[in-house]
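Numbering of ligands and ligand atoms starts at 1, following listing order. One-based numbering along the sequence shown.
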Amino acid sequence: MSDILTTCPYCGVGCGIRANLTSQAADITGDSAHPANFGRLCVKGSALGQTLSAEGRLLQPQVNGEDCDWPTAINAVVQGLQQTIAEHGPGAVAMYLSGQLLTEDYYVANKLMKGFIGSAHVDTNSRLCMASTVAGHKRAFGADVVPGCYDDIEQARLFVLVGANMAWNHPVLFQRIQAVLQANPEAKLVIIDPRRSASCEAAQLHLKLRPGSDVLLFNGLLSFLAQQGKLDQHFINLHTDGFAEALASAQQQAATVAQVASGCDLPADQILQFYRCFAGEPLSLTLFSQGVNQAIDGTDKVNAIINCHLATGRIGKPGCGPFSLTGQPNAMGGREVGGLANQLAAHIDYTDKAQQALVGEFWQAPKLVSQPGYKVVELFDVIERGEIKAVWIMATNPLVSMPQADKVKAALAKCPLVIVSDIYQHTDTLDIANIKLPALGWSEKDGTVTNSERRISRQRALSPPPGQAKADWQIICEVARAMGFTHGFNFSHTGQIFAEHAALSGYQNNGERAFNISALARLSAEQYQQLTPIQWPVTDTKPQGTTRLFADGKFFTANGKAQFIALRQRLLSPAAPATPLWLNSGRLRDQWHSMTRTGEVASLMQHTPEPFVTLHPADAALYGLSEGELVQLSNAGGRLVLRADISANQRPGELFVPMHWSAQFASQARADVLFAADTDPISGQPALKLSQVALRRFTPKWQALLFTKQPLTASQLALFNQHYLARVPLGSCQSYRLGLTDVLSSPLQLLQQLQLTPGVCCSDSGQGQLTGYRAAAIDNNQLQWLLLDGPALPQADQSWLNQQFSGPISAVNRRQLLSGRAGQGKAADNSALICSCFNVRSLAICQAITAGADSTAKLGKQLNCGTNCGSCLPELSALLKRQLSQTNLLQGA
Ligand code: SF4
């Protein structure tokens with residue numbers, strides 16, 4: 001079978017993939033011709049072949065817990081929607097979409113709701129990641145447009161990363177930045193982030209600012225540029241409005257570096273260094289992501305950055321500009337079709353009635369909506385109040401990703417009709433749906449996505465649909481037709497949908513709307529199939545697409561000028577005494593969203609197997625905590641139990657938790673619980689980066705490692721709701737790390753409640769090698785489960801144990817089983833997995849450094865680490881620095 005060119009389904013870099021799927025395996029490599037990655041893939045993209053198993057997939061529709069065929073399921077959806085509309089009106093129906101959907105899925109969903117059902121209540125999980133950027137772009141440019149392109153990276157000489165840990169979250173783009181830094185000694189990387197992330201390893205300067213003080217920092221930069229005569233007055237006069245007001249507002253709080261230093265809690269010399277760098281380097285690219293967007297003033301932060309680029313005329317030119325990095329693979333595609341509740345379609349929102357009418361005319365829509373719908377936080381509030389009575393959720397898991405998602409769960413529990421389309425049998429959200437619709441996964445879907453640089457790429461199916469799963473667009477169109485909307489939804493393949501979407505973008509556009517891909521509306525099915533990556537706008541005058549926008553200084557505002565926004569830094573109130581610590585959340589290198597895909601890949605789980613909270617050593621000392629102890633975080637929203645990760649990467653008084661863990665992987669680690677549903681008043685985006693919490697030690701009575709061949713069932717997992725549980729898939733078995741309280745006071749009680757009957761057991765009082773109760777069950781020469789307990793978490797060789805679950809167990813290994821390892825004297829290396837591609841752990845790396853490997857290149861030569869995807873290179877650099885400085889200290893001593 002020949003290679004298929006497709007696109008990675010994870011982050012907004014949008015890397016091209018070359019895939020060859022045989023019946024045995026999937027060979028996934030980077031597409032060397034794709035302009036986003038030129039052949040590179042990060043660790044998540046490289047592991048895509050391991051996510052294609054049919055295990056755990058939802059393969060048949062279900063209505064009220066019963067498997068059924070598609071006609072029954074479609075009928076149940078249609079009856080439910082029609083009955084709701086008949087009794088309560090179309091406004092009682094809502095959809096919640098996802099940046100994981102393809103543009104074609106998004107387009108028909110939006111069209112059905114806003115043009116045919118007549119409900120504007122369509123929002124997308126892009127609200128959680130990109131809404132502030134959308135609002136900031138619209139305020140400044142008059143349209144939601146990323147001005148630049150990835151090629152600007154190779155032309156830039158100053159990179160400013162704001163609230164973006166690109167080394168982990170946009171790794172392939174970060175590697176392009178690193179290549180520029182290595183090739184050009186004068187090039188610089190400045191990082192603005194309250195915590196030291198992996199990206200800082202490559203940075204010349206890290207501004208570890210007080211959380212939420214970004215507006216002040218960039219207002220200070222605007223003041224500094226004015227003071228130093230570094231403004232592009234010609235550009236300001238000719239192409240912008242509002243500069244004087246913006247500067248005056250900036251100078252009120254940030255006229256001097258000293259003011260900024262005090263407000264941002266930064267050394268003045270560091271701020272000055274950054275300001276001088278920016279002022280002196282015209283080729284400056286400011287890249288920003290969730291640390292900017294997910295804030296109560298996210299839109300202001302975006303405009304504070306854009307203000308500085310407008311003031312210096314650094315926009316629309318090679319090597320410079322403000323650059324929003326999208327989180328999801330198709331966050332931009334969702335914005336193009338109008339998937340946000342405050343948009344109608346094709347970059348047309350609700351402010352211009354004439355433009356709205358164009359959409360109605362184009363769609364021949366019987367019920368075109370005329371007012372914005374509810375943004376997602378408000379949407380679930382309205383569902384809770386009972387005003388919305390039917391909701392259809394597609395390809396997203398709001399019971400993990402929404403702030404205080406237990407409230408969302410309570411709202412959905414009250415909602416008479418919850419329809420969920422997903423690819424897995426169990427997600428926190430799917431588990432509570434009335435109607436479950438099996439959708440296609442990444443390797444089965446066909447359509448398009450748009451990445452952070454406005455580049456539309458094809459996603460192509462590698463394999464046929466499994467079971468009865470269907471494409472989202474097909475499910476939506478079947479529902480639409482069954483509701484009687486035949487004329488607008490008679491599509492037989494995605495190329496037809498794309499052509500209509502493209503035609504709408506150009507419909508009576510006349511250059512007024514930025515999003516215009518009308519030149520692609522006439523693609524034949526074959527041309528659509530062969531479509532190569534292209535950046536919008538794509539019009540008859542620009543048939544090859546558009547690399548950069550605004551090169552002519554013309555913007556999409558009413559007068560064609562970019563708008564400065566006058567901004568003031570909002571002041572944070574001090575933390576309340578009961579919740580004295582500030583909490584931040586974010587992503588990890590090897591995980592994606594709520595881990596439904598990546599969490600089941602054993603090699604990806606090894607990098608960070610358990611949920612954790614990072615805290616500064618001073619706070620650890622204050623609370624008397626040691627590394628790896630269990631810790632409870634709490635506030636009015638609920639509580640989390642996590643392992644302590646003590647690191648000076650954090651500012652004192654501030655904590656960090658990963659956003660990924662769901663109830664499918666841990667008992668009490670859903671970060672959403674601790675973040676209130678406070679939103680940016682302009683964008684409606686929730687502030688998922690800042691909350692206040694209390695911390696205390698969580699002291700389990702005993703701890704255990706439980707390995708099972710089959711995953712525990714939902715009812716077995718429910719036993720651990722008040723305890724600590726973290727599930728780590730190992731490949732052939734599941735490992736459960738348990739911290740148990742008095743409620744489950746002994747291993748025997750635990751086994752009883754789990755209904756696990758020991759086949760081999762040994763109770764040890766602490767003599768010799770064993771420290772506690774150990775038991776296992778072997779059935780038909782196959783290991784079924786193994787329990788190791790102790791006052792602290794027992795040590796075991798997980799890799800060896802995983803092998804014992806993979807086939808018949810030998811007599812020798814049977815005897816070793818209860819020791820948890822292969823043999824006496826063989827210590828397990830359970831140190832952190834740094835290189836997931838070649839399974840290289842930190843212990844081996846540190847030993848190699850001590851033995852003389854003093855560069856990442858030497859480490860790569862010796863251990864292979866860092867030589868495939870390169871995602872671990874920042875961690876290798878950090879280990880090298882740490883280990884070499886320790887060695888130097890020892891030698892000095
Ligand atoms: S950087 Fe990684 S996750 Fe992002 S698109 Fe590329 S391969 Fe996928």
Problem set entry | Any donor-acceptor N/O pair, Ser871 side chain to Val43 backbone, under 3.5 Å | yes
Problem set entry | Within 6.0 angstrom of Arg40 CZ, more than 12 heavy atoms from elsewhere | no
For this session: Look at atom 7 (S) of ligand 1 and say which protein heavy atom is nearest, naming residue and atom and giving the distance to 0.1 Å.
Result: Cys42 N, 3.5 Å
Exercise. By number and element, which atoms of ligand 1 are closer than 4.0 Å to a non-hydrogen atom of Gly14?
Worked result: 5 (S)
For this session: Decide if atom NZ of Lys861 counts as having more than 12 heavy atoms of other residues, nucleotides or ligands within a radius under 6.0 Å.
Result: no
For this session: Specify side chain, backbone, both or neither for Cys15, according to which of its non-hydrogen atoms lie closer than 4.0 Å to ligand 1.
Result: both
Exercise. Under 3.5 Å, is there a donor-acceptor pair between the side chain of Gln425 and the main chain of Arg57?
Worked result: yes
Exercise. Taking only heavy atoms of Cys8, which atoms of ligand 1 are found under 4.0 Å from at least one of them?
Worked result: 3 (S), 5 (S), 7 (S), 8 (Fe)
Exercise. Taking only heavy atoms of Tyr10, which atoms of ligand 1 are found under 4.0 Å from at least one of them?
Worked result: 3 (S)
Exercise. Which residue, Asp446, Thr532, Ile4, forms the side-chain contact (heavy atoms from CB on, under 4.5 Å) with Arg458?
Worked result: Asp446
Problem set entry | Numbered atoms of ligand 1 (with element) below 4.0 Å of Pro171, judged on heavy atoms | 1 (S)
For this session: Tell me, please: is Asn37 in heavy-atom contact with ligand 1, that is, under 4.0 Å?
Result: no
Problem set entry | Under 2.8 Å: N/O/S of Cys11 next to atom 2 (Fe) of ligand 1 | no
For this session: Mark yes or no for whether His206, through its side chain, and Asp193, through its backbone, hold a donor-acceptor pair below 3.5 Å.
Result: yes
